[in-house]
Protein chains: 2
Amino acid sequence: MEVLSKPDGASVATTAAPDANRRGDIIRAAGRLFHQKGYNGTTIRDIADAVNMRSGSPFYHFKSKHEILFTVTTEGIEVMLRNLEMVIARQQPPRACFEACVITHMNYLLGPGRDFAWVMLYESRLLDPTERAVVHCMSARYEEVFSAVLDRLVASGDLRDASAIARKLILGAINWSAQWYDENGASDPQAIAQQLCALVLREKN
Amino acid sequence: MEVLSKPDGASVATTAAPDANRRGDIIRAAGRLFHQKGYNGTTIRDIADAVNMRSGSPFYHFKSKHEILFTVTTEGIEVMLRNLEMVIARQQPPRACFEACVITHMNYLLGPGRDFAWVMLYESRLLDPTERAVVHCMSARYEEVFSAVLDRLVASGDLRDASAIARKLILGAINWSAQWYDENGASDPQAIAQQLCALVLREKN
DNA sequence: TTGTCAAGCAAGCAATTGCTTGGTAAATTA
DNA sequence: TAATTTACCAAGCAATTGCTTGCTTGACAA
């Protein structure tokens, strides 16, 4: 038996992972790389390198590169939707509810979920139609829930218009922040969220 | 002379272009394809096909694929900046000036400049640092000019806040419209622009 | 001890990629 | 008419791509 033989120095420790979740490592690394260089600009070898694997090994966990993109994308939108629903469950008055929604959205978008959210917003269009339909369905659900929050704002007189276009414009201002936000900059996600509220909401009496 | 000989069916008319500007054809086709499939998802062969060339021919007009991206990008931002300055030269009162700026911006972003603007907004980050610096410089100039428009709005009492963040949020709402605008949909760029004005400006009188 | 399994490696294949080269027909200029 | 230039093609090269295959290793179970 060749148990002790090491044919060459390249054979590294196979049990390098104390934490068992290598699949999670892959989607986190993929998220970061897709964010940095785009889906098509990132190779399987990039991802494998980032988690100290050889280029064929990710295919043990995912059946294709596309499936990695799909997993990263849905991870992003799922967390956002869950967060939103948790905030709404608090049953605050309209204005406070809206502010909390925006803060939560931005905290994830600019914080721990940066990569996932980015990939969802900007790379999911590269999925094939079937997969994209799933993602689209989930973001439609997000918008639907968000829409109800806006409706209550109109009812309470804090917002003039909750039409589909107004909704898209507000969500646009929020989502675009991922483009310019600088985590070393002066303002944090919460401050930006509050600025947005001040921009679109009526002045408090 | 072999004027009339056609050695094989593949030899197509070499002088197929009545309009001489094949370079322009390439950047328009590249813009469209970069918009559809992203920079890295588009091959030189895709671009060449779109303008009825063979895969090596675009390199007669551009020294690299990167240079095509750079050209498409700067085309986008240059036009937008020129448009903005033309609007401002009209010297309208603050509110009318702002509305005109937004309408002009959106008319280009969602109309004839769709592809160029999109590439500028979403693909220019794939340029190398030197080229990206040029693009960044031009968009900074755009924001600077736009900022002056916002300052006048604050002075006239039509806007509460013209801070850097407020500016980014407003421009974000505008630019994000490229993501969801449907040219077959109910509302046109001008209507969307007016909705945005209604959203961020104080009510008249 | 023996067998099974999760996890990953080493090697490489077929296709695709950006780009180069040498040539050529037509238009333009001298 | 002769020389040059413009614009392009045909062919292909070297590198990279996503992915497959057969095998190894350590952990655990019977």
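Atom set for the values below is all heavy atoms of this structure, side chains included, hydrogens, waters and symmetry mates excluded. Chain letters run A, B, ... following the sequence lines, proteins first, then strands; residues in each count from 1.
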Minimum-distance nucleotide to B/Phe59 side chain [options: C/dT20, D/dA10, C/dA10]: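 My answer, after comparing the listed nucleotides, is C/dT20.
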Nucleotide of C/dC19, C/dA10, D/dG18 approaching A/Arg54 most closely (side-chain heavy atoms):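 That would be C/dA10.
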A/His136 atom NE2, neighbour heavy-atom count above 12 within 6.0 Å: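 No, because the 6.0 Å sphere around NE2 of A/His136 holds 12 heavy atoms or fewer from other groups.
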Separation of [X] atom [atom1] from [N] atom [atom2], in whole Å?
X	N	atom1	atom2	result
A/Ile68	D/dG18	CD1	P	10 Å
A/Arg45	D/dG18	CZ	C1'	7 Å
A/Ile47	D/dC19	CD1	P	10 Å
B/Leu69	C/dG18	CG	P	12 Å
B/Leu33	C/dT17	CG	P	13 Å
A/Met53	D/dT25	CE	P	18 Å
A/Ile26	D/dC19	CD1	C1'	14 Å
A/Tyr60	D/dT21	OH	C1'	16 Å

Verdict with reasoning, B/Arg167 to B/Glu144, per salt bridge (Lys or Arg N to Asp or Glu O under 4.0 Å): CA-CA 10 Å; B/Arg167 187 175 70 233; B/Glu144 203 181 320; over 6 Å; no
Nearest-nucleotide 5' precedence on DNA chain D, A/Thr43 against A/Lys63: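 Residue closer to the 5' terminus by nearest nucleotide: A/Thr43.
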Sugar-phosphate only, base, or nothing, as touched by A/Ser55 at under 4.0 Å among non-hydrogen atoms: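 If one applies the 4.0 Å heavy-atom cut-off, A/Ser55 turns out to touch a base.
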Sugar-phosphate only, base, or nothing, as touched by A/Asp46 at under 4.0 Å among non-hydrogen atoms: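 Nothing, no heavy atom under 4.0 Å.
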Quick one: is [X] getting a side-chain N or O under 4.0 Å of the [N] phosphate, OP1 or OP2?
X	N	answer
B/Arg22	D/dA7	no
A/His61	C/dA6	no
A/Ser57	C/dC9	yes

Output field: ring centroids A/His35/A/Tyr122 closer than 6.0 Å: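 Ring centroids of A/His35 and A/Tyr122 are no less than 6.0 Å from each other.
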B/Arg32 and B/Asp115: CA distance, side-chain angles, deciding distance, salt bridge (Lys or Arg N to Asp or Glu O under 4.0 Å) verdict: CA-CA 5 Å; B/Arg32 184 165 36 82; B/Asp115 298 326; 5.3 Å; no
Student check: side-chain heavy atoms of B/Phe98 and B/Leu159 closer than 4.5 Å: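 No, their side chains stay 4.5 Å or more apart.
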